[in-house]
Amino acid sequence: MLDPRLFRQNPEAIAGALSIRGYDLDLDTYRDLEKARRDLQTEMESLQHERNIVSREIGRAKRSGEEIEPLVSAVGDLGLRLEVIRTEFNKVHEELQGYLLTIPNIPDDSVPVGETDEDNRELYRWGDVTEFSFEPKDHVDIAGDSLDFEASVRIAGSRFSVLRGPLARLHRGLIQLMLDIHTDEHGYEELYVPYIANRESLTATGQLPKFEDDVFFVSSEVDSFLIPTAEVPVTNMVRDQILDANDLPLKYVCHTPCFRRESGSHGKDTRGLIRLHQFEKVELVQVTHPDRSWVALDEIVNHAETVLKRLELPFRAVSLCGGDLGFASAKTIDLEVWLPGFDRYREVSSCSNFLDFQARRAQARFRPAPQTRPELVHTLNGSGLAIGRVLIAIMENYQDSQGRVHIPDALIPYMHGVQYLEFES
RNA sequence: GGAGGGGUGGCUGAGUGGACGAAAGCACUGGUCUUGAAAACCAGCGAGGUUUAGGCCUCCCAGGGUUCGAAUCCCUGCCCCUCCGCCA
């Protein structure tokens, strides 16, 4: 959520800034609601003031044994009027809050102008695009029976996966490798968290109220959702907390499955592991002092890159343009790995600085110094990395002419020393 | 699932209709004392909204209700604890 004070001061400036991401702010709706809110609040508070004075007077009179009847009858229909105003105020206030919750974050000045991912700005590349002396296959063809979609369809439906044997182990090894790198080398605390989160948590991070169609609802009895990313449970570690300034930054790493409806992506990426309803991800989350969040973003990008470099996978970094930016993000750097089977780079990490946007929704604050008022923290996260897509990258980049997949050196210890995988088809 | 007890400031915890945004303690901040520190003593110290300011308003888990007036009484929900049952 954006700062309501900023909103009151200069809504036109906010509208202008939001147009960079192609968002059309409805200034009239805002102004009408805000004016109604202000008028009702003023009236409500002056009625409350009146009531408090009389009630206090009645209390005083009663203690000193005076007659209170005249005072009580003088109150008249004050309570009734107050009730009417309060009901009206609650309605308007709720409506205004609801509206503000649907407004996205303001993009940082450095965010490229543009509408689609074609307008994203490439920042740099690492490694050379893999060359083959034969026609490379895509991961589905390479994996053969080890990727059992017949089973996953039977069990759950389309857009799920069953991995078998060595492929399942490679998948698990990737998770372990990434967690080890981020805990041992980058100083993150590892968390294990719930895979179901409530409405408040998803509202805090920004998935709700606007993107309810993208997440799996658990049931009408428990108003909760399957997490679309570890960002939700992990960022909510600090919801409604007042942190000590000395404890910042908080750095968390967490492996979870991610569940996404992928509504609106019908027909897109339907082959293989590229876009599923359930996939694994190792997520990095930082909670920082407001002065440090831009430094932290570079840090997270760097931490995510370390994994790709360790696996010796060619990748590039891109800065998302305004139109491609996520709802809550002020700036996002994506890492895209080279996939020979797709003949293009594909996203394996998305690193974002949310500034105080999530923190305000979550009321996540810190005390800058003793005796001072709490201030909002900044929150950031980045994938470190998406497991399924890295698995694809390893299969496709490390395939040989005999259909085998060589294991990157960094992963060999996690594979019991196995150097390559052979698949049956 | 059954029975009982709870939810109060950063933390512990008192408060059962008016003098309570709230005792006391801890933590924290400032001061006195001390060569310095500790201890002791004194003082300060919840969050949010609104206002040029003084101020005003709200908040004692959440939502309703009773009342001139609710942390306190009533209803509903959520959460926690104890015991029993079940269970990886």
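Throughout, a chain's letter reflects where its sequence line sits, starting with A, and its residues are numbered from 1. All values below were derived from every heavy atom in this structure, side-chain atoms included, with hydrogens, water molecules and symmetry-related copies excluded.
Between the P atom of B/G49 and the CG atom of A/Leu100 lies a distance of 14 Å, rounded to the nearest Å. Taking atom CZ of A/Arg373 as the reference point, atom P of B/C45 lies 14 Å away to the nearest angstrom. A/Ile242 has its CD1 atom 17 Å from the P atom of B/C45, to the nearest Å. Atom CG in A/Asp247 sits about 14 Å away from atom P in B/C28, given to the nearest Å. In this structure, A/Glu200 atom CD and B/G77 atom C1' are separated by 12 Å, rounded to whole Å. For A/Asp3 and B/G48, the CG to C1' distance is 13 Å, given to the nearest whole Å. With rounding to whole Å, A/Asn198 atom CG is found 14 Å from B/G77 atom C1'.
Counting non-hydrogen atoms of neighbouring residues, nucleotides and ligands closer than 6.0 angstrom, the CD atom of A/Gln176 exceeds 12 such neighbours.
B/G69 and B/C78 are spaced 28 Å apart, taking the C1' atom of each and rounding to whole Å. Nucleotides B/C81 and B/C42, compared at atom P, are 39 Å apart to the nearest Å. Taking the C1' atoms as reference points, B/C26 lies 24 Å from B/C59, given to the whole Å. Of the C1' atoms belonging to B/G64 and B/G10, the separation is 31 Å, rounded to the nearest Å. As rounded to the nearest Å, B/G5 and B/A23 have P atoms that lie 29 Å from one another. One P atom belongs to B/A38, the other to B/A27, and the distance between them is 12 Å to the nearest Å. Using P as the reference atom, B/U58 and B/A70 are 9 Å apart when rounded to the nearest Å. Rounded to whole Å, the P atom of B/C20 lies 16 Å from the corresponding atom of B/C56.
A/Phe216 and A/Phe259 have perpendicular rings, their planes meeting at more than 60° on a 0 to 90° scale where under 30° would count as parallel.
No side-chain heavy atom of A/Glu43 sits under 4.5 Å from any side-chain heavy atom of A/Phe89. Between A/Arg292 and A/Glu299 there is a side-chain heavy-atom pair separated by less than 4.5 Å.
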Quick one, A/Leu380 with A/Cys351, criterion side-chain contact (heavy atoms from CB on, under 4.5 Å). Give me CA distance, side-chain angles, the key distance, then yes/no. CA-CA 7 Å; A/Leu380 304 96; A/Cys351 305; over 6 Å; no

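Pair check for B/U16 finds none; no Watson-Crick or G-U wobble contact set falls under 3.5 Å. Applying the Watson-Crick and G-U wobble criteria (two distances, each under 3.5 Å), B/C41 pairs with B/G31. The partner of B/U66, taking Watson-Crick or G-U wobble pairs whose two distances both stay under 3.5 Å, does not exist in any strand shown. For B/G4, the paired base is B/C81 (Watson-Crick or G-U wobble, both distances below 3.5 Å). Under the Watson-Crick and G-U wobble criteria, each requiring two contacts below 3.5 Å, nucleotide B/C11 is paired to B/G25. For B/G46, the paired nucleotide is B/C59, the pair qualifying as Watson-Crick or G-U wobble because both relevant distances are below 3.5 Å.
The side-chain contact (heavy atoms from CB on, under 4.5 Å) with A/Arg404 is formed by just one residue from the set A/Gln419, A/Glu422, A/Gln399; it is A/Glu422.
Between A/Arg63 and A/Arg37, the one whose closest nucleotide on RNA chain B sits nearer the 5' end is A/Arg63.
Here A/Gln41 lies in heavy-atom contact (under 4.0 Å) with sugar-phosphate atoms only. Residue-level contact check: A/Arg5 touches the backbone only, with heavy atoms under 4.0 Å from sugar-phosphate atoms and none from bases.
Taking A/Ala197 as the reference, A/Ser201, A/Leu202, A/Ile227, A/Val232 meet the side-chain contact (heavy atoms from CB on, under 4.5 Å) condition, with sequence neighbours excluded.
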Protein within reach of the bases, or only the backbone? For nucleotides 51-70 of chain B, mark each nucleotide 5' to 3' as B, S or -, using heavy atoms under 4.0 Å. S----SBS------S--BS-

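Within the 4.0 Å cut-off from OP1 or OP2 of B/G10, not a single side-chain nitrogen or oxygen of A/Arg365 is found.
Legend: ring-ring contact (aromatic ring centres under 6.0 Å, His included) pairs involving residues 358-382 of chain A, not counting sequence neighbours, sorted by first then second residue: A/His289-A/Phe366.
For A/Phe357 and A/Phe327, the gap between ring centers is short of 6.0 Å.
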